[in-house]
Amino acid sequence: MNQNDLLNITYANVDTARVEMERLLKTRQRNYSLPRELYNDPHMFRIDMEEIFQKEWLFVGMTSEVPKKGDYITVEIGQNPVLVVRDADGSVNAFHNTCRHRGSRLCSEHRGKVANLVCPYHQWTYDLKGNLLFAGSDMGTTFDKSEHGLKKAHCKTAGGFIFVCLGKDVPQGDFDDFLATLEEYMEPYDVENTKLAVESNMYEQANWKLVIENNRECYHCAGNHPELLNSLLEWDDTEDPRASEEFLAQYKRQAAEWDAEGIPHEHQSFGVRNRIVRMPLKEGTEVMTIDGSSGCNKLMGRIKNRHLGSMRILHLPNSWNHMQSDHFVVFRVLPISAQESLVTTKWFVHKDAVEGVDYDVAKLRQVWDATNDQDRQLGEENQRGINSLAYQPGPYSETYEFGVINFLDWYSDKMQENLQK
């Protein structure tokens, strides 16, 4: 809990906050921002973690980050350390990163490679499927190793994306339909034959919902993101009410090229939580670099056309992504406290691309490093203003901020649903 959190404790305990959370969401004015407490109160934040981040499917990484047996990545979901590892038969598994002996984290590095999972505290050893192999010789004759394997987290992969769910039960809904479409739309990229080129981690002093709200609209882009707008068109899709005739003509022309190459592009939505759509970039640009020129000499997968625009993939509550012809960029948001979030950005290229020969890391990063920092400043100023006693929910534009409205509708509905379970 940071200093700002301490200044914004509104409720005596979390049980009181849960009752008030439900009341505030039931009575909220739709198309308006949320009440102040939902952005800055530590008890409300705890409910977000318990009812959203500990029950829903979360994006954690890409399968090409764990390409071979024993490769792993770790992620912290609130106070829950999670370990994602590829086993001997090629499956990607997720475990709670806590030893069954006395609870120590097994893997403390962000990524690595192991033959087995060995706890550094007392050397309890697990195989890559989480089975306990060794627990020393002093556990007594009644000790049963089979009852002390690692605790699994639900894990699903599709199109190279890895999702985990920490809940006891798998959430119901159309998530599997989204995964099937994601698999189809990501097929041209052959993610298993990509590699992580570079990664950035940015701490933003703002509630996670403000980070997502900022991402879900480009109302602020013209005044804040000059680097991004060198290549990005602001329209959200072909049905965006702001879309110009010139843009629609460009889309039609490029869509014909994509169809000829067998590149999926039509808008696919699964409620307001998940969506996939391929959109052109500005005329004359190839990818989202500072000047719009190629980011990597090697194209991805079976792609031959450098003018694929950006395939935008949304997954609430914590990810948005841009898939382009020669590299792709994935974004992950994880809450840290009521007023702090971690935004992770990763750039991927063809696995055979050579840094300094086929791609330049600085060029890949330039646009999004600038954009991320600009968004950080916007989010932090948003948070500071919301902390004011004078703040009250304000109206969203149904034309420019419909993505924010969709996000808050999803959040409100899902929160109320989960609170009843």
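In this chain, numbering begins with 1 at the start of the sequence shown. Just so we're clear, the structure is a prediction, and the values are computed from it rather than from any experiment.
- Judged by distance alone, the side chain of Tyr185 and the main-chain N or O of Glu266 form a donor-acceptor pair under 3.5 Å.
- The only option from Phe348, Trp368, Trp347, Phe328 that meets the ring pair (Phe, Tyr, Trp, His ring centres under 6.0 Å) definition with His322 turns out to be Trp368.
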Going through the checks in order, is the ring-ring contact (aromatic ring centres under 6.0 Å, His included) test met by Tyr203 and Trp208? CA-CA 11 Å; Tyr203 289 90; Trp208 70 274; over 10 Å; no
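- Checked for salt-bridge contact, Arg216 and Glu213 miss the test: no charged N lies under 4.0 Å from a carboxylate O.
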Should Arg28 and Asp409 be marked as a salt bridge (charged side-chain N to carboxylate O under 4.0 Å, His left out) after you check the CA-CA gap, both sets of side-chain angles, and the distance that decides it? CA-CA 10 Å; Arg28 78 182 181 99; Asp409 283 348; 2.7 Å; yes
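- Under the 4.5 Å side-chain criterion, counting only non-hydrogen atoms from C-beta, Val75 is in contact with Arg332.
- Arg376 and Asp373 are joined by a salt bridge, as a carboxylate oxygen and a charged side-chain nitrogen come within less than 4.0 angstrom of each other.
- Here the side chains of Met323 and Arg312 are not in contact, with every heavy-atom distance at 4.5 Å or above.
- Residues Leu166 and Lys55 fail the side-chain proximity criterion, which asks for heavy atoms closer than 4.5 Å.
- Exactly one residue among Phe59, Phe331, Phe163 makes a ring pair (Phe, Tyr, Trp, His ring centres under 6.0 Å) with His315. That residue is Phe163.
- When side chains are defined from C-beta on, Gln383 does not count as touching Gln205, because their heavy atoms never get closer than 4.5 Å.
- For the atom pair OG (Ser337) and CE (Met49), the distance works out to 10.5 Å, reported to the nearest 0.5 Å.
- Residue pairs meeting the salt bridge (Lys or Arg N to Asp or Glu O under 4.0 Å) criterion with at least one member in residues 149-165, sequence neighbours excluded: Lys156-Asp176.
- Comment: Lys282 does not engage Glu234 in a salt bridge, judged by the lack of any side-chain N to carboxylate O separation of less than 4.0 angstrom.
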